[in-house]
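I have a structure here, written as structure tokens, and I will follow up with some questions on it.
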Number of protein chains: 2
Amino acid sequence: MRWNDLSEEACPVARGLSVIGDRWTMLVVRDCFLGYRRFEQIQERLGITRHVLADRLRKLEAAGVLRREPYQERPLRHEYRLTDRGKALYPVMVSLIDWANAHVPPPEASSVTLVSRETGAPIAPVLIDANTGETITHRTVNAKVAE
Amino acid sequence: MRWNDLSEEACPVARGLSVIGDRWTMLVVRDCFLGYRRFEQIQERLGITRHVLADRLRKLEAAGVLRREPYQERPLRHEYRLTDRGKALYPVMVSLIDWANAHVPPPEASSVTLVSRETGAPIAPVLIDANTGETITHRTVNAKVAE
DNA sequence: ACAGTTCGTTCCATTATGGAACTCAGTCTT
DNA sequence: AAGACTGAGTTCCATAATGGAACGAACTGT
């Protein structure tokens, strides 16, 4: 199978990855969540090749994750902002952060953690089922295939 | 920046992606969650080249996400199972599934959804803060950098 | 002896990525 | 008005990763 065929899969994991499963894409999305919107900024922060960044931004725009908006005329300049679809990726990013902080040790004593914007208290993300309030685990959930 | 330098980053998103941000890796993990444990099975299901699969399995084992266990002697054969670290990826996968089902349309009417193993009722995953019980959004959370 | 199984490895063509320089439209400096 | 500067890309080429197919090793079963 080719990577590009993934979007045709029935499995939502495969379809999701066809959009954000690319090497750099989630890092671009992260920077957008952090408020970086311009090509130069993102390119410098990521150390990614301009070539690749241009390609990823194009694809993210085509997927409806980012939108390209002019922030000045003369000379015309665009910035990239998360759409609602892009913002909906927040739980994916938070889950990833939580996993990495618990399971992929940082280089030194440095760390980045999630805290409440209001109180500054640390956040402990847990996935629950909104319908029942119960914690979601791989033991309590099944995948259901509809045709 | 090179892709392989990502694990040295302080940002947990980058460190997490250094393990699972690879093109096929999350699909291998998905298959393990679905109970497929053998090289042949996974290779056929994914349509990935054997070469790449062998490489990914090696890296996932090195990262402590999978462990290699003999399931028979003579001839010696191994299978791959999720470790606790690997199982801890479940919230990441569920968040991704939820996002893809809402934002990346499946090819036809086909769909795969999450249901309760006990009741069969559909699941609506939501991320909350275990400390406060409040829903986690990008407006209520900040990243805090400690040195 | 010979085909079948399972988990890989090897070889090579194609594709993607990294690095650096270049373009283009307009602005700012002197 | 000439020349430097800015931001967002594009172009070119060497290097790395991937896709496809065949091959190898260590057994089993007939």
Side-chain angles (χ1 to χ4, degrees), chain A residues 1-9 14 17-28 31-32 35-63 65-82, chain B residues 1-9 14 17-28 31-32 35-63 66-81:
Chain A
M1 188 196 301
R2 286 287 182 74
W3 177 254
N4 291 28
D5 301 339
L6 275 188
S7 58
E8 302 301 319
E9 291 278 306
L17 291 175
S18 75
V19 177
I20 59 154
D22 201 277
R23 267 181 159 71
W24 296 103
T25 301
M26 244 346 243
L27 290 173
V28 174
D31 274 11
C32 290
Y36 300 95
R37 311 184 206 288
R38 302 200 186 158
F39 190 94
E40 291 292 319
Q41 285 180 316
I42 299 174
Q43 193 273 324
E44 186 169 12
R45 281 177 48 81
L46 262 50
I48 189 180
T49 311
R50 311 176 71 80
H51 188 56
V52 173
L53 178 57
D55 179 73
R56 295 303 180 275
L57 289 171
R58 246 191 312 266
K59 283 176 180 163
L60 283 171
E61 196 197 351
V65 172
L66 299 180
R67 66 170 185 280
R68 200 154 159 274
E69 283 202 345
Y71 67 89
Q72 68 173 37
E73 316 275 332
R74 322 192 51 75
L76 185 57
R77 293 279 183 269
H78 297 275
E79 64 183 8
Y80 296 89
R81 287 169 170 272
L82 288 167
Chain B
M1 191 193 301
R2 288 284 182 73
W3 177 254
N4 291 26
D5 301 339
L6 274 189
S7 58
E8 302 301 319
E9 290 280 306
L17 291 174
S18 75
V19 177
I20 60 156
D22 201 277
R23 269 182 158 69
W24 296 102
T25 300
M26 238 358 235
L27 291 172
V28 174
D31 274 13
C32 290
Y36 301 95
R37 312 184 203 287
R38 302 202 185 157
F39 191 95
E40 290 294 316
Q41 285 179 315
I42 299 175
Q43 193 274 324
E44 186 169 13
R45 281 177 47 81
L46 263 49
I48 189 178
T49 49
R50 313 175 71 78
H51 188 57
V52 173
L53 178 57
D55 179 73
R56 294 302 181 276
L57 289 171
R58 244 192 312 267
K59 284 175 178 164
L60 282 172
E61 196 199 351
L66 299 180
R67 67 169 183 280
R68 203 155 157 272
E69 285 202 344
Y71 65 90
Q72 68 173 36
E73 315 275 334
R74 317 192 53 76
L76 184 57
R77 290 281 182 270
H78 296 275
E79 63 183 10
Y80 296 88
R81 285 169 171 272

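Since the model is a prediction, treat every value here as computed from it, not as a measurement. Each chain gets a letter, A, B and so on, in the order the sequences are listed, and its residues count up from 1.
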For B:L53 and D:dA17, what is the distance between atoms CG and P respectively, to the nearest whole Å? 17 Å
For the pair made of CZ in B:R38 and P in C:dG8, what is the distance, rounded to whole Å? 12 Å
Quick note, A:V52 side chain, CB onward, closest among C:dG18, C:dT6, D:dG20 is C:dG18
Please report the distance, rounded to the nearest Å, between CG in A:D55 and P in C:dG18. 12 Å
Tell me the interatomic distance from A:R50, atom CZ, to C:dT23, atom C1', rounded to whole angstroms. 12 Å
Closest to side chain of B:H51, choosing from C:dT10, C:dC7, D:dT10: C:dT10
Note: for A:W3 and A:Q41 on DNA chain D, the residue whose nearest nucleotide lies more 5' is A:Q41
I want to check one thing: is the phosphate of C:dC7, taken as OP1 and OP2, less than 4.0 Å away from some side-chain N or O of B:Y71? yes
Is there a side-chain contact between A:R37 and the phosphate of D:dA8, meaning an N or O under 4.0 Å from OP1 or OP2? no
Polar contact flag, side-chain donor to acceptor under 3.5 angstrom, B:R37-B:Y80: no
Distance test, side-chain N/O of B:R56 to OP1/OP2 of D:dA17, below 4.0 Å: no
Can you tell me whether the side chain of B:R74 and the base of D:dA26 have a donor-acceptor pair closer than 3.5 Å? no
Rounded interatomic separation in angstrom, taking CZ from B:R77 and C1' from D:dC27: 7 Å
Short side-chain to backbone donor-acceptor contact, A:E8 and A:D5, under 3.5 Å: no
Quickly work out the B:L6 CG to C:dT17 P distance and round it to whole Å. 13 Å
From CG of A:D5 across to C1' of C:dT15 the rounded distance in Å is 14 Å
How many whole angstroms separate atom CD1 of B:I48 from atom P of D:dG19? 7 Å
Hey, does A:H78 reach any base, or is it just sugar-phosphate, or nothing, if we go heavy atoms under 4.0 Å? sugar-phosphate
I want to confirm an ordering. Mapping A:D22 and A:P75 to their closest nucleotides on DNA chain C, which one lands closer to the 5' end? A:D22
Please check this pair: side chain of A:Q72 against backbone of A:P75, looking for a donor-acceptor N/O pair closer than 3.5 Å. yes
Between C:dC7, C:dT10, D:dG19, which nucleotide gets closest to the side-chain atoms of B:F39? C:dC7
Please confirm whether the backbone N or O of B:H78 pairs with a side-chain atom of B:E69, one donor and one acceptor, at under 3.5 Å? no
Answer yes or no: is there a donor N or O on one side and an acceptor on the other, between the side chain of A:Q43 and the main chain of A:I48, under 3.5 Å? yes
Candidates D:dT10, D:dT11, C:dG8 - which lies nearest the side chain of A:R58: D:dT10
